[in-house]
Amino acid sequence: MGASLPSSMPHIVAFLFALIISFLAFSHAGVTRHYKFDITLKNVTRLCHSKSIVTVNGRFPGPRIVAREGDRVLIKVVNHVPNNITIHWHGIRQLQSGWADGPSYITQCPIQTGQSYVYNFTIIGQRGTLWWHAHISWLRATVYGPFVILPRRNESYPFLKPHKEVPIIFGEWWNADTEAVIKQALQTGAGPNVSDAYTINGLPGPLYNCSQKETFKLKVKPGKTYLLRLINAALNDDLFFSIANHTLTVVEADAVYVKPFQSNIVLINPGQTTNVVLKTKKHSPNASFFMLARPYSTAASGTFANTTVAGVLEYENPAIKSSKNLPILRLSLPQINDTSFASNFSNKFRSLATAKFPANVPQTVQKHFFFTVGLGTNPCPKNQTCQGPTNSSKFAASVNNVSFIMPSVALLQTHFFKKSNGVFTTDFPSFPLVQFNYTGTPPNNTNVSNGTKVVVLKYNTSVELVFQDTGILGAESHPLHLHGFNFFVVGQGFGNFDPNKDPAKFNLVDPVERNTIGVPSGGWAAIRFLADNPGVWFMHCHFDVHLSWGLRMAWIVQDGKLPNQKLPPPPSDLPKC
């Protein structure tokens, strides 16, 4: 029997209106997207050096994940390699899905050889460029890839729709086994050996030996716009990036739209993403153009490689049969320690702060924290010669002088099942226990304390956190990443933070919203966020060497009172330690 329409006109109007509402609701509802990640070994050759590396689906870099805001994503990870593995979906908020966040021994035990785990989460209120990577030891050297979140259907970018979108992910190539590199460094207490090359989409480019044919080439048409989704997946390096004779327009940072601004050079910290719009020249030039990236560093521990990766921007030109004979133009990048450029570039970022894309900065603060971040030392074990800052010490790193010891079980499980006794303590210091001139003359005692300490927050607490770099073993920038949250960078500066004067200069109107912030070398950065996501959330330096040395800590956000403010029980396939 067919359905009949209502007889009266008002009922017809109401019926049609209900149909439209239902259609709009359906059109905005997300879909479920399924991916499978097989963790396998694959022989890969770079710099004329072949080795077996850990990959996802045999690819280096790994596959691209594409979803829309509102979609549910299920990714089955199957481990076929001898190494334990976890995957972190860097920047995904993981609202009520903390079991899917991925840092080993924080939200889950690792996926062991022959085991699998389904990461199950919904993308809520996010769109833009993020990425995924291994989050155990140094496996993210080869296990990483782009995570592209498109706007909901029928919604557009707040800028001109590009002709094409291109992920550009910066990484590194190591001739050595990175697991052996960090193992040796932790044993000797020295800074680790550095990579042999930087890469663009896995390719080192013509400035490295034996790499002319392993060059990323971006082919473009004249008079078009391209959205370049830049991702810094390098282990230990901030990177400058530029395209010769072209200007880039920055439109997004860490999957949040920003007020557009132009720059010939972009600085991107490890863990960060930056979307830029490239507008090509109106006519095909008789030249190609280098795309260059090289490190920015003030590190005293020698944990960066002073080399340059090159890709090539080539114009399509039917009149030219081959681009091989065209000259390749290049642009000079800033000096490796150009902190002035780094600061000026960072200060250009502002949120859109529109009605559609508001900057919901906490205007009042319930909890204040002051965290020193930097390097220190651990004493050399007895009967051993170390290679740290002295023969009797090892390099270490800390937050408020606490070098975080990783547990042997997952913190989230112990918290959820109230079995934290002997696993962690809740006495992480909110402020440094010993105050000193953080960016001046270092103290005589550079040793750190060691422990598994966390901060506990009530649900919906508004937080202000000041990161203060220390010059104990030399000042340097620290890319600090907070899992489970975005935060607003309300202020930053050089020298020691002044609690009496600096807050008056905070930007509480349109500060940039990020998940990873480069704390200025020899300076400070202040952030604010709302603790509206129950669970256990890792915070750490995204230089993997500093992470390995202990520059990390964890927040516990307690459940709220309502059902949508509570962390659900763990999935049945959650890996066991």
Side-chain angles (χ1 to χ4, degrees), residues 238 253-254 256 258-259 261 267 269 272 296 298 338-351 353 359-375 398-402 428-443 455 457 461-472 474-482 485-531 539 541 551 553 555:
D238 303 321
D254 290 357
V256 181
V258 299
K259 289 183 173 70
F261 66 91
L267 176 64
N269 303 137
Q272 290 184 338
Y296 158 67
T298 60
D338 194 339
T339 296
S340 176
F341 177 91
S343 174
N344 291 335
F345 181 78
S346 177
N347 285 325
K348 292 179 181 179
F349 286 84
R350 293 285 186 272
S351 289
N360 295 318
V361 193
Q363 298 296 309
T364 58
V365 175
Q366 294 168 305
K367 284 284 187 179
H368 289 265
F369 296 90
F370 184 88
F371 287 178
T372 56
V373 292
L375 302 187
S398 66
V399 182
N400 275 355
N401 206 49
V402 178
F428 189 91
S430 300
F431 296 85
L433 298 180
V434 178
Q435 298 183 6
F436 59 97
N437 183 359
Y438 306 115
T439 57
T441 302
V455 172
L457 296 171
T461 300
S462 57
V463 174
E464 180 179 291
L465 167 59
V466 176
F467 296 112
Q468 174 69 61
D469 180 35
T470 67
I472 293 176
E476 61 182 292
S477 171
H478 294 279
L480 270 295
H481 172 47
L482 175 60
F485 300 93
N486 281 352
F487 52 76
F488 293 93
V489 184
V490 296
Q492 50 190 322
F494 291 106
N496 295 332
F497 175 75
D498 188 331
N500 297 315
K501 296 180 180 179
D502 288 325
K505 297 177 283 187
F506 283 177
N507 175 9
L508 302 180
V509 178
D510 63 347
V512 66
E513 183 180 351
R514 308 203 70 132
N515 63 58
T516 305
I517 175 64
V519 178
S521 177
W524 56 270
I527 67 172
R528 288 187 180 185
F529 65 94
L530 189 65
M539 189 178 77
C541 185
L551 209 167
M553 55 84 65
W555 305 83

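Nothing here was measured: the structure is a model prediction, and the numbers come from that model.
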Visitor: Checking Ser521 now: which residues fulfil side chain to side chain donor-acceptor pair (under 3.5 Å) with it, not counting sequence neighbours?
Guide: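 Ser521 satisfies side chain to side chain donor-acceptor pair (under 3.5 Å) with Thr298 once adjacent residues are dropped.
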Visitor: So do the side chains of Ile527 and Phe488 get within less than 4.5 Å of each other, counting heavy atoms only?
Guide: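 No, every pair of side-chain atoms sits at 4.5 Å or beyond.
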Visitor: Please name the pair of heavy atoms, one in Val519 and one in Ala525, separated by the smallest distance, quoted to 0.1 Å.
Guide: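 Distance-wise, the nearest heavy atoms are CG1-N, 4.3 Å.
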Visitor: Work out which heavy atom in Lys259 is nearest to a heavy atom in Ala353; give both atom names and the distance.
Guide: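 Nearest heavy atoms, Lys259 then Ala353: NZ-CB, 4.2 Å.
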Visitor: Return the set of residues passing ring-ring contact (aromatic ring centres under 6.0 Å, His included) with Trp524 (not counting sequence neighbours), or none when no residue passes.
Guide: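 Trp524 satisfies ring-ring contact (aromatic ring centres under 6.0 Å, His included) with Phe497 only.
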Visitor: Taking only residues two or more places apart in sequence, or in another chain, which ones meet Phe529 in a ring-ring contact (aromatic ring centres under 6.0 Å, His included)?
Guide: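 Listed in chain order: Phe485, Trp555.
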Visitor: Measure centre to centre between the rings of Phe261 and Phe345, then say whether the value is under 6.0 Å.
Guide: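 Yes, ring centres under 6.0 Å apart.
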Visitor: Check side chain to side chain contact (heavy atoms under 4.5 Å, CB included) between Val256 and all other residues, then give those that pass, not counting sequence neighbours.
Guide: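 Applying side chain to side chain contact (heavy atoms under 4.5 Å, CB included) to Val256 gives Asn486, Glu513.
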Visitor: Check the pair Leu433 / Asn400 against side-chain contact (heavy atoms from CB on, under 4.5 Å), numbers first and verdict last.
Guide: CA-CA 7 Å; Leu433 298 180; Asn400 275 355; over 6 Å; no
Visitor: Show, in sequence, the C-alpha distance, side-chain angles and deciding distance for Val258 and Val512, and conclude whether the side-chain contact (heavy atoms from CB on, under 4.5 Å) test is met.
Guide: CA-CA 7 Å; Val258 299; Val512 66; 4.1 Å; yes
Visitor: Would you indicate whether the side-chain heavy atoms of Arg514 and Phe349 approach each other to under 4.5 Å?
Guide: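 Yes, side chains in contact.
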Visitor: Restricting to non-hydrogen atoms, name the atom on Ala475 and the atom on Gly522 that form the minimum distance, rounded to 0.1 Å.
Guide: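 Heavy atoms of Ala475 and Gly522 come nearest at CB-N, 3.6 Å.
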Visitor: Using a 4.5 Å cut-off on heavy atoms from C-beta on, say whether the side chain of Leu465 contacts that of Met539.
Guide: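 Result yes, sub-4.5 Å side-chain heavy-atom pair found.
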Visitor: Go through the structure and list residues passing side chain to side chain donor-acceptor pair (under 3.5 Å) with Tyr438, not counting sequence neighbours.
Guide: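 Tyr438 satisfies side chain to side chain donor-acceptor pair (under 3.5 Å) with no other residue.
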Visitor: Among all residues two or more places apart in sequence or in another chain, which pass the salt bridge (Lys or Arg N to Asp or Glu O under 4.0 Å) test with Lys367?
Guide: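 Salt bridge (Lys or Arg N to Asp or Glu O under 4.0 Å) list for Lys367, sorted by chain: empty.
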Visitor: According to side chain to side chain contact (heavy atoms under 4.5 Å, CB included), who are the partners of Asn360, at least two apart in sequence or on a separate chain?
Guide: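 Checked Asn360 against side chain to side chain contact (heavy atoms under 4.5 Å, CB included); matches are Pro358.
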Visitor: Not counting sequence neighbours, which residues clear salt bridge (Lys or Arg N to Asp or Glu O under 4.0 Å) with Asp238? List them please.
Guide: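 Here no residue qualifies.
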Visitor: Could you list the residues that satisfy ring-ring contact (aromatic ring centres under 6.0 Å, His included) with His478, not counting sequence neighbours?
Guide: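 Expected list: His546.
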Visitor: Leu457 versus Val463: any side-chain heavy-atom pair under 4.5 Å?
Guide: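 Sidechains of Val463 and Leu457: in contact.
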Visitor: Should the pair Arg528 and Phe487 be classed as cation-pi, given the thresholds of under 6.0 Å to the six-membered ring centre and 45° from the axis?
Guide: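 Arg528 over Phe487 ring: no.
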Visitor: What verdict does the ring pair (Phe, Tyr, Trp, His ring centres under 6.0 Å) test give for Phe428 and Phe369, after you've listed the backbone C-alpha separation in whole Å, the side-chain angles of each residue and the deciding distance to 0.1 Å?
Guide: CA-CA 11 Å; Phe428 189 91; Phe369 296 90; 8.7 Å; no
Visitor: Which atom names give the shortest non-hydrogen contact between Phe506 and Gly491, and what distance separates them?
Guide: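 Result for this residue pair: CD2-CA, 4.1 Å.
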Visitor: Does atom CD of Gln435 have more than 12 heavy-atom neighbours from other groups under 6.0 Å away?
Guide: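 12 or below, so no.
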Visitor: Go through the steps for Ile517 and Phe467 under the test side-chain contact (heavy atoms from CB on, under 4.5 Å), then give the verdict.
Guide: CA-CA 10 Å; Ile517 175 64; Phe467 296 112; 4.2 Å; yes
Visitor: Would you say Phe370 and Ser430 make side-chain contact, with heavy atoms under 4.5 Å?
Guide: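 No, their side chains stay 4.5 Å or more apart.
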Visitor: Would a 4.5 Å heavy-atom cut-off, applied to side chains only, mark Ile472 and Leu375 as touching?
Guide: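 No, side chains not in contact.
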Visitor: Taking the side chain as every heavy atom from C-beta outward, state whether Leu551 and Val399 have any pair of such atoms under 4.5 Å apart.
Guide: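 A side-chain contact under 4.5 Å exists here.
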Visitor: Rounded to the nearest 0.5 Å, what's the gap from CG on Leu482 to CG on Leu480? Could you check?
Guide: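 So the CG of Leu482 and the CG of Leu480 are separated by 9.0 Å.
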Visitor: Applying side chain to side chain contact (heavy atoms under 4.5 Å, CB included) between Val361 and each of Val490, Val509, Leu530, report the one that passes.
Guide: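 Between Val361 and the candidates, side chain to side chain contact (heavy atoms under 4.5 Å, CB included) is satisfied uniquely by Val490.
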Visitor: Can you list the residues that meet the side chain to side chain contact (heavy atoms under 4.5 Å, CB included) rule with Thr516, with sequence neighbours excluded?
Guide: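 For Thr516 the side chain to side chain contact (heavy atoms under 4.5 Å, CB included) partners, ignoring immediate neighbours, are His90, Asp254, Gln272, Pro479, His481.
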Visitor: Quick one: are Asp338 and Ser340 in side-chain contact, heavy atoms under 4.5 Å?
Guide: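 Contact flag for Asp338/Ser340 side chains = yes.
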Visitor: Mind checking what makes side chain to side chain donor-acceptor pair (under 3.5 Å) contact with Asp502, not counting sequence neighbours?
Guide: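 By the side chain to side chain donor-acceptor pair (under 3.5 Å) rule, Asp502 matches Lys505.
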Visitor: Closest heavy-atom contact between Ser462 and Pro362?
Guide: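 The pair with the smallest heavy-atom distance is CB-CB, 4.1 Å.
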Visitor: How close do Val489 and Pro511 get, counting heavy atoms only, and between which atoms?
Guide: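 Minimum heavy-atom contact is O-CB, 3.2 Å.
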Visitor: Under the side chain to side chain donor-acceptor pair (under 3.5 Å) test, which residues partner Asn507, sequence neighbours left out?
Guide: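 Side chain to side chain donor-acceptor pair (under 3.5 Å) list for Asn507, sorted by chain: Asp510.
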